[in-house]
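Each remark here refers to the structure printed beneath this line.
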Amino acid sequence: MQDRISTYPGRVTLTPVPGQSNTYDMTRADDPSQPGTPLNKATFLKDATAALYGLGADAVPDEVLSILSSVALHKSSPSNGLYDLSGALITGLPVIQTVTGSYIGTGTYGSGNPNRIATALHPVLAFIRPMLRNNIYFHHTILAKGMNYAVSWTSGAPRGGWLQVEFEDNAVSWFAVDGTWDGISYGTGDPDAEDQLNVSGRTYNYVILGYKGG
Amino acid sequence: MYIDPNTRCNQSTPAPGLLELTPEQEAVYLAHNGFVRVVSTDPVVIEADTEVWEAWKAAEAEKPVVEPAPTADELVDILLGVTDNG
């Protein structure tokens with residue numbers, strides 16, 4: 001938006017209206033070097049913008065600001081969290097948190113021996129890796145809610161592994177499968193504890209992203 | 001270490017329903033590949049599920065032996081052609 005820059009600020013020309021006493025047409029005569037942004041409807045609230053908020057062409061900017069007040073961050077929030085424009089903490093919104101930890105592999109694998117990490121959060125994403133990286137064949141994986149299968153992989157292995165994954169309300173579990181669908185093998189071979197990230201005695205780190213409540 | 005009494009899975013972070021093991025119980029758990037029975041939850045008492053563990057080990061023994069993967073150092077030696085004889 002631009003200001004109007006006048007050579008003669010406030011100067012106008014008054015022209016008498018013929019036949020009407022004490023009535024004049026007023027024309028700006030400030031000779032602007034920059035005319036400035038016009039103060040009209042399109043500047044303050046376009047019809048298309050009003051429509052984004054479900055408002056009609058007769059809406060005024062204040063109606064949009066009223067809607068935004070329910071979702072805007074208060075500019076002087078006293079601490080972490082979401083605050084409305086009155087400064088009140090907004091509660092009930094899910095806030096993503098993380099849990100970091102480890103488990104020790106037991107050597108088991110397969111559908112009868114799934115791995116499972118329980119958490120007080122509602123998990124949505126899990127990163128799992130071996131604590132040590134002293135062997136390029138150690139598998140890693142990323143598990144995401146809504147994706148029932150995942151791969152475990154490493155930079156040096158001749159093959160990866162397939163995992164069947166389940167996200168529960170307060171846990172994520174997975175087990176290695178042989179990668180055969182509809183009678184077609186995808187060449188991952190027999191599943192094992194390496195595929196499942198559960199090699200006996202090996203420590204695995206995990207980071208789980210999830211939310212509380214809701 | 002915490003374990004899930006139902007799945008026998010372990011983890012370092014607490015969560016509802018998990019049982020915390022003592023270092024001695026943790027050793028028993030790991031020595032038996034996680035095949036333990038929860039005898040009591042308060043106090044936590046576990047014991048090795050020897051029968052299931054032996055059956056699992058026997059089943060594993062029947063599977064083809066897979067060559068252990070070389071460590072990163074061993075792999076470097078292989079690529080460089082280094083042998084024990086120098």
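In what follows, chains carry the letters A, B, and so on, assigned in the order in which the sequence lines appear, proteins first and then strands, with residues in each chain numbered from 1. The figures that follow rest on heavy atoms only: side chains count, while hydrogens, waters and symmetry mates do not. Not measured: the values here are computed from a predicted model.
If you measure heavy-atom distances from A/Tyr206 to chain B, the contacts under 4.5 Å come from the side chain alone. A/Asn113 touches chain B through its side chain: at least one heavy atom from C-beta onward sits under 4.5 Å away, while N, CA, C and O do not. At a 4.5 Å heavy-atom cutoff, the contact between A/Ser200 and chain B is made by side-chain atoms alone. Only the backbone of A/Thr100 comes within less than 4.5 Å of a heavy atom of chain B; no side-chain atom from C-beta onward does.
Per-residue heavy-atom pair counts under 4.5 Å with chain B were compared for A/Asn115, A/Ile104, A/Thr119, and the maximum is reached by A/Ile104. Of the listed residues (A/Leu121, A/Ile117, A/Val99), the one with the most heavy-atom contacts under 4.5 Å to chain B is A/Ile117.
Residues of residues 35-58 of chain B lying within less than 4.5 angstrom of chain A, judged on heavy atoms, are B/Phe35, B/Trp56 in numerical order. Chain A is approached within less than 4.5 Å, heavy atom to heavy atom, by B/Asp4, B/Thr7, B/Arg8, B/Cys9, B/Asn10, B/Gln11, B/Ser12 from residues 4-12 of chain B, ordered by number.
Atom CZ of A/Arg116 sits about 8.0 Å away from atom CG of B/Leu18, to the nearest 0.5 Å.
By the side chain to side chain contact (heavy atoms under 4.5 Å, CB included) test, A/Ala144 pairs with A/Leu125, A/Met147, sequence neighbours left out. With sequence neighbours left out, the side chain to side chain contact (heavy atoms under 4.5 Å, CB included) criterion links A/Tyr8 to A/Arg11, A/Asp31.
The minimum heavy-atom distance between B/Asn33 and A/Thr106, with the atom names listed, is ND2-O, 2.7 Å.
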